[in-house]
Amino acid sequence: MVYLIFTSEGFNEALAEIVEHKAKLWINDGILNAQQKTILSEHHIDFHILESKVEVTDEKAIISAIKTIEQRMESAELFVEFL
């Protein structure tokens, strides 16, 4: 299970599910603070910072991020933040 998150709000809403399912996380740079990174590490959650910032309104960038994740994590169930 993989979560693709673009905003702080999306992360806060998904955090309990991410921890419960030990999901992997792909997230925009600058979203996670030190405390959140510690929480993820304590729960052995792998997180990856997206190479470039993805705006939630930029469909092409979202599709590109999805394709990148799918190439690296074949057959993963992917949950994408949607506003």
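Computed over heavy atoms, backbone and side chain alike; hydrogens, waters and symmetry mates excluded.
Side-chain contact between Thr68 and Leu50 is absent, with no heavy-atom pair separated by less than 4.5 Å. Side chains of Lys22 and His43 form a contact here, defined as non-hydrogen atoms less than 4.5 Å apart. Using a 4.5 Å heavy-atom threshold, the side chains of Leu25 and Ile5 count as touching. Put simply, the side chain of Met73 reaches to within 4.5 Å of the side chain of Trp26, judged on heavy atoms. Side-chain contact between Ile62 and Glu55: absent, with no pair of heavy atoms (C-beta onward) separated by less than 4.5 Å. Here the side chains of Phe79 and Leu4 are not in contact, with every heavy-atom distance at 4.5 Å or above. A heavy-atom distance below 4.5 Å is found between the side chains of Leu78 and Ile66.
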Test log, rule side chain to side chain contact (heavy atoms under 4.5 Å, CB included), inputs Asn28 and Thr7: CA-CA 7 Å; Asn28 269 333; Thr7 67; over 6 Å; no

Verdict with supporting geometry, Leu40 and Phe11, side chain to side chain contact (heavy atoms under 4.5 Å, CB included): CA-CA 11 Å; Leu40 293 172; Phe11 175 76; 4.2 Å; yes

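The two atoms that bring Ile45 and Ala23 nearest to each other are CG2-O, 3.1 Å, heavy atoms only. In terms of heavy atoms, Phe6 sits closest to Glu81 at N-OE1, 2.7 Å.
Under the 4.5 Å side-chain heavy-atom criterion for grouping Ile, Leu, Val, Met, Phe, Trp and Tyr, Ile69 is not connected to Ile27 through any hydrophobic cluster. Ile39 and Tyr3 fall into different hydrophobic clusters, where Ile, Leu, Val, Met, Phe, Trp and Tyr side chains are chained together by heavy-atom contacts under 4.5 Å.
Rounded to the nearest 0.5 angstrom, Asp58 CG and Ser52 OG are separated by 9.0 Å. Here the straight-line distance linking atom CD of Gln36 with atom OG of Ser41 works out to 12.0 Å at 0.5 Å rounding. In this structure, the separation between CD1 on Ile49 and CD1 on Ile31 is 9.0 Å, given to the nearest 0.5 Å.
Salt bridge Glu51/Arg72: present, at least one basic N to carboxylate O contact under 4.0 Å.
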